[in-house]
S.K.: 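Can you read through this structure? Questions will come right after.
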Amino acid sequence: MSNQGEATDTPPASAASLYLTLAPVALVAGVYLTIFLILRKSQRRYYAPRTYLGSLRPSERSPALPNGLFNWISPFWKIPDIHSLQHQSLDAYLFLRFLRIIVVICFVGCCMLWPVLFPVNATGSGPAQQVDILAYSHVNRDTEQNRYYAHTFMAWIFYGFVMYMIMRESIFYVNLRQAFLLSPFYANRISSRTVLFISVPDEYLDEARLRKVFGDSVKNVWIAGDTEKLDDLVKERDEVAMRLEKAEVKLLKLANANRVKAMKKKGGSDARAEAPADAEPGSLAARWVPNKKRPTHRLGLLGLIGKKVDTINWCRTELQRIIPSVEAAQAAYRAGTFKKVPSVFIEFYHQADAESAYQVMAHHQALRMTPKYIGITPGEVVWSSLKVSWWQRVVRRFAVLGFISVLIIFWAIPVAVVGIISNVSYIAHQVFFLNWLLSLPSQVLGLIQGLLPGVALSILMSLVPIIMRLCAKLSGEPSLSRVELFTQNAYFAFQLIQVFLVSTVTSSASAVVTQIMNDPQSATTILSENLPKASNFYISYFIVQGLGVASGVLSQVVGFVIFTIMYKFLAGTPRALYKKWANLSAISWGSVLPVYTNIAVISITYAAIAPLVLGFATIGLSLFYLAWRYNVFFVTDSTIDTRGLIYPRALKQLFSGVYISELCMIGLFATSVAIGPLVLMIAFLIFTILFHLTINSAIDPLLYNLPRTLGVEAESKEMRVDSSRTRNGYQDGIQDGIPEAKKVSSDDTAVAGKKPGFLSKFLKPWKYCDYEAMRKLVPHDAVDTNNLYTDEIERNAYFPPSVSSGTPLLWIPEDPLGISKQEIQETPPVISITDEGCTLSDKNKLEWDTESVRPPVWEEKIYY
């Protein structure tokens with residue numbers, strides 16, 4: 001059994017190793033937090049834009065926090081999570097709720113498992129040392145098999161709790177989704193009344209025939225068409241227009257700079273220059289900028305070759321040619337002269353009619369007029385996917401799934417290397433050319449094994465979501481929300497296999513493969529002792545994620561530096577300044593959520609094998625929750641609306657941790673020949689499968705459909721609404737920007753009279769978190785929900801962007817010389833141009849009012 005002794009020589013996780021991992025990460029986190037506390041006081045645009053930004057409606061803003069170093073913490077803590085639902089989106093609220101739920105799962109797991117399993121493991125007579133004595137491997141498989149019953153029954157209790165939480169939160173989501181989508185704020189939106197049918201047969205690409213199929217409830221029909229030529233025309237128009245705008249701004253800056261120089265030469269008095277010899281008569285610009293200094297460009301490849309032309313004059317001439325062509329092409333499309341593609345948007349008068357059309361079988365042939373989608377806003381449509389026929393969609397789907405499978409296999413190589421690094425000291429003993437690593441100080445070697453793998457893995461995985469989104473679009477997903485949901489599933493599978501399973505196998509198998517080769521009979525002993533040791537890698541990973549990454553999420557140092565550089569140095573026009581200032585950063589649900597789902601899955605998997613992991617996961621996830629809570633309230637925006645579907649998907653993915661843990665424990669009990677615990681775990685695995693199937697069959701239909709009973713009830717209630725509610729609105733209830741949030745929270749949802757206790761609310765979500773209770777939480781905006789759109793907006797809603805795209809308004813700064821006024825007069829009438837809202841200063845800098853005045857290019861947000 002000498003080989004077994006060698007297995008136990010694999011360096012165990014020590015307190016010193018954890019300190020070495022924790023120290024540098026804590027230092028970085030401290031630096032990030034200090035930067036955040038300092039910059040938050042002065043850089044309100046980047047660290048609290050949702051409190052005042054003019055591009056947000058008052059109902060979308062958050063209450064301003066005190067401006068001190070620490071006095072903001074208490075008011076921040078008092079804002080309930082439901083604030084994000086009432087002022088931002090359903091997705092934002094459910095994202096925060098998911099983080100909070102997995103923190104609760106990990107914390108309750110610590111409370112359940114630590115008091116029982118720590119003593120059972122620590123008092124065992126196995127070969128583990130230091131921190132590893134708290135894990136399963138310290139129980140002697142030959143003399144202490146009865147101790148495995150403790151692991152078995154505690155696993156039953158904890159995984160039963162996890163499954164109950166999944167069921168409870170699924171019920172909560174279904175009721176909240178129904179209340180949210182049936183509220184007037186959402187039900188009257190055009191996206192809630194419009195169904196997208198794809199793979200429509202040619203004979204049904206006819207408005208009259210579609211109206212005959214769906215009856216008098218149809219309001220508008222948009223048959224998608226091929227706009228490739230129109231897209232190119234609109235793109236050319238916009239590029240030329242923006243080039244003209246930039247050239248005009250450059251001309252004004254050149255003239256103003258020369259004016260400032262002349263003023264300095266004449267001692268600060270207002271200067272007037274004589275016109276150059278080649279100046280155009282009556283041209284103010286020519287008095288300050290000679291023709292050879294005017295903005296020019298070349299017409300050849302990339303502007304590097306070809307004829308050199310005056311940019312302003314050339315752009316004006318081109319726009320006079322392009323804009324009428326664009327308008328004619330747009331008119332032709334609206335008249336129906338376009339090549340039809342097999343997709344149709346059908347708007348209904350009422351949400352209930354749209355839901356009925358969405359839920360019925362539309363066509364008698366397979367894969368025709370299906371799948372259907374409801375709730376897609378015009379800005380989310382992936383127009384290229386609407387051209388895909390039914391058979392292309394099937395082929396593309398298989399091709400994309402195959403590609404992702406290959407990608408996972410390919411990515412296993414670098415991730416495996418990362419896993420091996422966590423056991424590098426043992427590898428160095430076995431591989432002669434790595435022996436030099438053993439000469440490193442123990443602190444340095446501990447740093448390499450503890451910190452480096454976690455950092456490397458975080459960097460490696462950040463490269464994947466972009467590929468996943470591209471795959472989603474290539475597979476034919478018709479909207480950005482569907483792209484995010486596809487990415488969420490694909491990226492979670494990627495995280496589960498790469499970050500977890502591959503790293504676990506390589507981290508432990510690399511340390512035991514030579515022992516098994518030398519003594520195959522010892523395989524069961526070696527595996528039962530070493531598999532739990534892979535948890536040490538994830539303790540380091542959670543430290544890096546929880547402290548380093550979470551503090552980075554809060555401080556956003558890199559993003560702040562990029563924003564500052566782009567705003568101050570790279571935004572050369574008023575439009576660029578405004579866009580950079582007014583557009584908030586958005587959370588990409590498909591790439592953000594799977595990271596935390598995977599952390600929860602890892603924690604659940606190791607709960608009964610190495611319970612210490614739960615403690616580090618609790619701390620790490622809590623820090624992430626606080627960081628994202630601040631960002632959601634004060635920094636980020638939601639641009640993609642999945643109608644909350646990110647939440648049940650993430651909840652269901654937690655089952656992965658339960659299954660993997662049960663299979664792992666079955667394998668460990670089998671290798672330890674513990675028959676009783678083995679049979680009990682197999683029985684619990686069967687129960688888990690049955691429970692999972694039952695939950696899916698019961699809840700899945702409610703995740704995607706709205707029930708007719710509630711639809712009728714909601715319409716009846718809306719008709720009985722008191723007129724005083726319409727007169728007073730909800731502005732009277734706003735306090736510090738939080739209407740209703742002060743009055744009701746997600747926990748204060750008792751029904752009819754009797755206030756329930758915590759246990760009742762927790763155990764009976766179908767009663768205390770039902771539809772009626774959830775209606776109290778939904779937003780009641782001050783906008784008139786019955787008159788959300790003008791006739792033009794509604795008529796153009798689901799036309800392709802190039803069809804409804806208007807000629808852009810050019811925005812240039814006003815200069816002291818009056819050149820901007822003359823340039824406006826000389827610009828052809830086919831395109832509008834203004835110099836309002838922005839001026840050129842004596843320092844030749846663009847200046848505009850960032851808070852009180854709406855710029856000319858401001859567009860009111862439309863709730864589609």
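For this chain, numbers begin at 1 and follow the sequence in order. What you see below is based on every heavy atom in this structure, not just the backbone, and it leaves out hydrogens, waters and symmetry mates.
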S.K.: Report the relative orientation of the aromatic rings in F560 and Y47; use parallel for angles under 30°, tilted for 30 to 60°, perpendicular for over 60°.
M.R.: tilted
S.K.: Hey, does L584 have a side-chain heavy atom less than 4.5 Å from the side chain of V635?
M.R.: no
S.K.: Identify the residue among Y186, Y173, Y93 that makes a ring pair (Phe, Tyr, Trp, His ring centres under 6.0 Å) with F180.
M.R.: Y186
S.K.: Could you state the interatomic distance from CG (L85) to CG (L90), rounded to the nearest 0.5 Å?
M.R.: 6.0 Å
S.K.: Looking at side-chain heavy atoms only, is the closest gap between T597 and L654 below 4.5 Å?
M.R.: yes
S.K.: Verify side chain to side chain donor-acceptor pair (under 3.5 Å) between N489 and Q653, making sure each step is shown before the conclusion.
M.R.: CA-CA 9 Å; N489 277 348; Q653 287 165 356; 3.1 Å; yes
S.K.: For W222 together with Y798, are the ring centres under 6.0 Å from each other?
M.R.: yes
S.K.: Given N631 and T636, is the side chain to side chain donor-acceptor pair (under 3.5 Å) satisfied, shown in steps?
M.R.: CA-CA 6 Å; N631 283 346; T636 62; over 6 Å; no
S.K.: Taking it one step at a time, do T377 and L480 satisfy side chain to side chain contact (heavy atoms under 4.5 Å, CB included)?
M.R.: CA-CA 9 Å; T377 61; L480 296 180; over 6 Å; no
S.K.: Please step through side chain to side chain contact (heavy atoms under 4.5 Å, CB included) for the pair S479 and I376, ending with a clear verdict.
M.R.: CA-CA 7 Å; S479 71; I376 295 178; 3.8 Å; yes
S.K.: State the CG-CD1 distance between L65 and I73, to the nearest 0.5 angstrom.
M.R.: 10.5 Å
S.K.: Is there a side chain to side chain contact (heavy atoms under 4.5 Å, CB included) between D700 and K652 once you walk through the steps?
M.R.: CA-CA 11 Å; D700 269 9; K652 290 180 181 180; 2.3 Å; yes
S.K.: Determine whether more than 12 heavy atoms belonging to other residues, nucleotides or ligands lie under 6.0 Å from atom NZ of K372.
M.R.: yes
S.K.: Would you say that more than 12 heavy atoms from the other residues, nucleotides or ligands in this model lie under 6.0 Å from the CD1 of I793, or not?
M.R.: yes
S.K.: Apply ring-ring contact (aromatic ring centres under 6.0 Å, His included) to Y358 and Y704, showing your working.
M.R.: CA-CA 10 Å; Y358 172 68; Y704 306 100; 8.6 Å; no
S.K.: Looking at Y373, F197, W383, which hits ring pair (Phe, Tyr, Trp, His ring centres under 6.0 Å) with F345?
M.R.: W383
S.K.: Check this for me, if you would: do R482 and E380 make a salt bridge, where the nitrogen-to-carboxylate-oxygen distance has to be below 4.0 angstrom?
M.R.: no
S.K.: Ignoring hydrogens and angles, tell me if any N or O in the side chain of Q359 forms a donor-acceptor pair with the backbone of N705 under 3.5 Å.
M.R.: no
S.K.: Indicate yes or no: at least one non-hydrogen side-chain atom of L196 is less than 4.5 angstrom from one of V344.
M.R.: no
S.K.: Do I101 and M165 have side-chain heavy atoms sitting under 4.5 Å apart?
M.R.: yes
S.K.: Is any side-chain heavy atom of I374 closer than 4.5 Å to one of T194?
M.R.: no
S.K.: Could you tell me which non-hydrogen atom of Y789 sits nearest to which non-hydrogen atom of R189, and how far apart they are?
M.R.: OH-CA, 3.2 Å
S.K.: Hey, can you tell me if F95 and Y596 have their rings parallel, tilted or perpendicular (30° and 60° cut-offs)?
M.R.: tilted
S.K.: Would the distance check show the side chain of N583 and the main-chain N or O of K579 forming a donor-acceptor pair, the cut-off being under 3.5 Å?
M.R.: yes
S.K.: Side chain of R643, backbone of R177: donor and acceptor closer than 3.5 Å?
M.R.: no
S.K.: Of all heavy-atom pairs between I812 and P574, which one has the smallest distance, and what is that distance?
M.R.: C-CG, 4.1 Å
S.K.: Measure across P594 and S591 and return the closest heavy-atom pair with its distance rounded to 0.1 Å.
M.R.: CD-C, 3.8 Å
S.K.: Closer than 3.5 angstrom, by distance alone: can the side chain of D835 be matched with the main-chain N or O of P813 as a donor-acceptor pair?
M.R.: no
S.K.: Within the distance-only criterion (no hydrogens, no angle test), does the side chain of R61 pair as donor or acceptor with the backbone N or O of T51 below 3.5 angstrom?
M.R.: no
S.K.: CD1 of I102 to CG of L621: how many Å apart, nearest 0.5 Å?
M.R.: 4.5 Å
S.K.: Do P808 and D238 have side chains that get closer than 4.5 Å, going by heavy atoms?
M.R.: yes
S.K.: Please report the interatomic distance OG(S84) to CG(L96), rounded to the nearest 0.5 Å.
M.R.: 5.0 Å
S.K.: For W628 and F634, I'd like to know if the aromatic rings sit close, meaning centre-to-centre distance below 6.0 Å.
M.R.: no
S.K.: Do the side chain of S638 and the main chain of I640 share a donor and acceptor less than 3.5 angstrom apart?
M.R.: no
S.K.: Centroid separation under 6.0 Å, is that true for the rings of Y630 and F36?
M.R.: yes
S.K.: Can we say R50 and D637 salt-bridge, meaning some charged N sits less than 4.0 Å from an Asp/Glu carboxylate O?
M.R.: yes
S.K.: Just jot down the ring-ring contact (aromatic ring centres under 6.0 Å, His included) partners of F98, sequence neighbours excluded, or say none.
M.R.: none
S.K.: Salt bridge (charged side-chain N to carboxylate O under 4.0 Å, His left out) between E484 and R469: does it pass, once the steps are laid out?
M.R.: CA-CA 7 Å; E484 287 303 303; R469 287 190 178 87; 2.7 Å; yes
S.K.: For S192 versus A354, what's the shortest heavy-atom pair and its separation?
M.R.: O-CB, 3.8 Å
S.K.: Main chain of P707, side chain of E355: is a donor-acceptor contact present, judged purely on distance under 3.5 Å?
M.R.: no
S.K.: NE2 of H83 to CD of Q88: how many Å apart, nearest 0.5 Å?
M.R.: 8.0 Å
S.K.: Do the side chain of E836 and the main chain of W811 share a donor and acceptor less than 3.5 angstrom apart?
M.R.: no
S.K.: Is it true that, when you exclude N71 itself, more than 12 heavy atoms of the residues, nucleotides or ligands shown sit nearer than 6.0 Å to its CG?
M.R.: yes
S.K.: In terms of side-chain geometry, is the basic nitrogen of R629 or D81 positioned less than 4.0 Å from the acidic oxygen of its partner?
M.R.: yes
S.K.: For a quick test of reading the model, state the closest non-hydrogen atom pair linking F486 to A472 and the distance between them.
M.R.: CD2-CB, 3.3 Å
S.K.: What residues, two or more places apart in sequence or in another chain, satisfy side-chain hydrogen bond (donor to acceptor under 3.5 Å, both in side chains) together with Q330?
M.R.: none
S.K.: For the residue pair Q488 and I646, establish whether any side-chain heavy-atom pair is separated by less than 4.5 Å.
M.R.: yes
S.K.: Out of the candidates K861, H87, Q86, only one should pair with E60 under the side chain to side chain donor-acceptor pair (under 3.5 Å) rule; please name it.
M.R.: K861
S.K.: Could I get the full list of ring-ring contact (aromatic ring centres under 6.0 Å, His included) partners for Y32, not counting sequence neighbours?
M.R.: none
S.K.: Between W72 and F633, does the ring centre distance come in under 6.0 Å?
M.R.: no
S.K.: Donor-acceptor pair, distance only, cut-off 3.5 Å: does the side chain of R575 make one with the backbone of V857?
M.R.: no
S.K.: Is any side-chain heavy atom of R193 closer than 4.5 Å to a side-chain heavy atom of D353?
M.R.: no
S.K.: Please report the interatomic distance CD1(I190) to CG(N220), rounded to the nearest 0.5 Å.
M.R.: 7.0 Å
S.K.: Provide the closest heavy-atom pair for V218 versus Y349 in the form atom of the first, atom of the second, distance.
M.R.: O-CE1, 3.4 Å
